[in-house]
Amino acid sequence: MKNKKWKQFEKLTEQCYRNMIGAEKDSSCWEKAFELLMEIVREERQKEPNCFQEVYMLDEATDYKYDISEWLEDCLDETDMREEYEVLLGMCDTLLSLFSWLDYTGSDLKFRKSSVLEALGRNNEAVSFCCKWFEKEPENIMAATAYVYALIGAKEYEAAEKLIHQFIIDESECLEENEIMFRAASKYYGAIGDKTKKKQLDKVLKEYEAYMDRMIEEEWLGSDEDDWLKDEELPFD
């Protein structure tokens, strides 16, 4: 990549990570770096219209020198944490429009956009956005869950409940694939004032969390044991 702006981008990202650890007070570096990266993408597309169709292609083209995919996640997270929602919404819209998101690859970004719209009090926009997303990806639980949250925000409780029951058949069993919908359902029952139902779902969620903690601990202990066995010199070696 011959674009000289990459060096400027590198300096800004270094400033970003100093800001993340508190060594740099000026947080505007995140937005500046984001805008510069999008500027680079647009300039390169003027030379070659089909380049950088997906975000990962930026990393491939730069030999992963800047870890762009990871940096973009950090940028969105930091902007979200500072509650700069208008800026964050602009970033989401730019990424969604500038790059291709095949299959469900854009789900996290779309989910974030929906949450930002709700945080801004633009509930009707959130509902409209999630409705279109869900219509295109009716089996995508992230689209459905974002839609439920949007409907709750807009106080469209009947539609929210109907959608919840499409993805939660057994309210006594929370699984990895439907955990996010369980959390949305808990919020729904809290919003309509059904304390009993909310308590039941929260209990199921806690049991699921405890189960996952045990699995992670067992996996960690297992990997430690495997490492020990590898390091241990056998007497007949």
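What you see below is based on every heavy atom in this structure, not just the backbone, and it leaves out hydrogens, waters and symmetry mates.
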**Student:** Look only at the side chain of Ser128 and the backbone of Asn124, and say whether a donor-acceptor pair between them is shorter than 3.5 Å.
**Tutor:**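 No; judged by distance alone, with no hydrogens or angles, the pair does not exist.
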**Student:** With a 4.5 Å heavy-atom cut-off, do Leu98 and Arg42 have their side chains touching?
**Tutor:**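 Answer yes - side chains close enough.
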**Student:** For Glu125, check salt bridge (Lys or Arg N to Asp or Glu O under 4.0 Å) against everything at least two apart and list the hits.
**Tutor:**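 Listed in chain order: Arg122.
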**Student:** Restricting to side chain to side chain contact (heavy atoms under 4.5 Å, CB included), what partner residues turn up for Asp59, sequence neighbours left out?
**Tutor:**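 Listed in chain order: Tyr64, Ile68, Ser69.
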**Student:** Mind checking what makes side chain to side chain contact (heavy atoms under 4.5 Å, CB included) contact with Tyr211, not counting sequence neighbours?
**Tutor:**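 Arg214, Met215.
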**Student:** Applying side-chain hydrogen bond (donor to acceptor under 3.5 Å, both in side chains) to Trp133 and Glu137, what does each step give before you reach the verdict?
**Tutor:** CA-CA 6 Å; Trp133 177 19; Glu137 301 175 11; 3.1 Å; yes
**Student:** Taking 4.0 angstrom as the limit, do Lys11 and Glu24 come out as a salt bridge?
**Tutor:**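 Glu24 and Lys11: not salt-bridged.
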**Student:** State whether Tyr149 and Arg112 meet the cation-pi test: NZ (Lys) or CZ (Arg) under 6.0 Å from the six-membered ring centroid, and within 45° of the perpendicular axis.
**Tutor:**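 The answer is no; the distance or angle limit is not met.
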**Student:** Compare all side-chain heavy atoms of Phe34 with those of Leu72 and state whether any distance is below 4.5 angstrom.
**Tutor:**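 Result yes, sub-4.5 Å side-chain heavy-atom pair found.
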**Student:** Test of understanding: with side-chain hydrogen bond (donor to acceptor under 3.5 Å, both in side chains), list the residues that count as partners of Tyr147, not counting sequence neighbours.
**Tutor:**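 In terms of side-chain hydrogen bond (donor to acceptor under 3.5 Å, both in side chains), with neighbours along the sequence ignored, Tyr147 is linked to no residue.
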**Student:** Under a 3.5 Å distance rule, please check whether Asp103 uses its side chain to pair with a backbone N or O of Thr105 as donor and acceptor.
**Tutor:**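 Pair absent, no side-chain N/O of Asp103 close to backbone of Thr105.
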**Student:** Donor-acceptor pairs under 3.5 Å, side chain of residues 151-168 to any protein atom, not counting sequence neighbours: which ones?
**Tutor:**
from	atom 1	to	atom 2	distance (Å)
Glu161	OE1	Tyr188	OH	3.2

**Student:** Below 4.5 Å, heavy atoms only, C-beta onward: do Leu12 and Gln15 meet side chain to side chain?
**Tutor:**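 Side-chain contact under 4.5 Å: yes.
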**Student:** List in chain and number order the residues that pass side chain to side chain contact (heavy atoms under 4.5 Å, CB included) with Leu102, two or more places apart in sequence or in another chain; answer none if no residue qualifies.
**Tutor:**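 So Leu102 forms a side chain to side chain contact (heavy atoms under 4.5 Å, CB included) with Glu54.
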**Student:** Using side chain to side chain contact (heavy atoms under 4.5 Å, CB included), reason through Lys5 and Leu36 one step at a time and then give a plain yes or no.
**Tutor:** CA-CA 8 Å; Lys5 290 181 179 178; Leu36 181 61; 3.9 Å; yes
**Student:** Judged by atom type as modelled, is there a donor-acceptor pair below 3.5 Å linking the side chain of Trp101 to the main-chain atoms of Leu95?
**Tutor:**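 Indeed, once roles are kept as given, a pair shorter than 3.5 Å links the two residues.
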**Student:** Checking Arg82 now: which residues fulfil side-chain hydrogen bond (donor to acceptor under 3.5 Å, both in side chains) with it, not counting sequence neighbours?
**Tutor:**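 With sequence neighbours excluded, Arg82 shows a side-chain hydrogen bond (donor to acceptor under 3.5 Å, both in side chains) to Glu84, given in chain and number order.
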**Student:** State whether the side chain of Ser114 and the backbone N or O of Lys110 hold a donor-acceptor pair below 3.5 Å, judged by distance alone.
**Tutor:**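 No, Ser114 side chain to Lys110 backbone: no donor-acceptor pair under 3.5 Å.
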**Student:** Counting C-beta onward and ignoring hydrogens, is there a side-chain heavy-atom pair between Met142 and Tyr104 closer than 4.5 Å?
**Tutor:**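 Result no, sub-4.5 Å side-chain heavy-atom pair not found.
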**Student:** Indicate yes or no: at least one non-hydrogen side-chain atom of Ser107 is less than 4.5 angstrom from one of Asn140.
**Tutor:**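 Heavy-atom side-chain distance check passes, below 4.5 Å.
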**Student:** Counting C-beta onward and ignoring hydrogens, is there a side-chain heavy-atom pair between Lys136 and Lys132 closer than 4.5 Å?
**Tutor:**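 Of all side-chain heavy-atom pairs linking Lys132 with Lys136, none is under 4.5 Å.
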**Student:** Mind checking side-chain hydrogen bond (donor to acceptor under 3.5 Å, both in side chains) for Asp63 and listing every partner two or more places apart, or none if nothing turns up?
**Tutor:**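 In terms of side-chain hydrogen bond (donor to acceptor under 3.5 Å, both in side chains), with neighbours along the sequence ignored, Asp63 is linked to no residue.
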**Student:** How would you list, by chain and number, every residue that makes a salt bridge (Lys or Arg N to Asp or Glu O under 4.0 Å) with Glu118, sequence neighbours excluded?
**Tutor:**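 With neighbours one apart ignored, the set is empty.
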**Student:** Where is the tightest heavy-atom contact between Tyr66 and Phe9, given as atom of each residue plus distance?
**Tutor:**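 Shortest heavy-atom separation between Tyr66 and Phe9 comes out as CB-CE2, 3.9 Å.
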**Student:** For Lys198, enumerate each residue passing the side-chain hydrogen bond (donor to acceptor under 3.5 Å, both in side chains) test, keeping only those at least two apart in sequence or located in another chain.
**Tutor:**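 Only Ser186, Asp202 meet the side-chain hydrogen bond (donor to acceptor under 3.5 Å, both in side chains) criterion with Lys198.
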**Student:** Does Arg183 reach the side chain of Leu205, with side-chain heavy atoms less than 4.5 Å apart?
**Tutor:**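 Side-chain contact under 4.5 Å: yes.
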**Student:** Under the salt bridge (Lys or Arg N to Asp or Glu O under 4.0 Å) rule, collect the residues that match up with Lys47, sequence neighbours excluded.
**Tutor:**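 Lys47: salt bridge (Lys or Arg N to Asp or Glu O under 4.0 Å) contacts with Glu44.
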**Student:** Who are the side chain to side chain contact (heavy atoms under 4.5 Å, CB included) partners of Thr196, not counting sequence neighbours?
**Tutor:**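 Residues passing side chain to side chain contact (heavy atoms under 4.5 Å, CB included) with Thr196: Asp194, Gln200.
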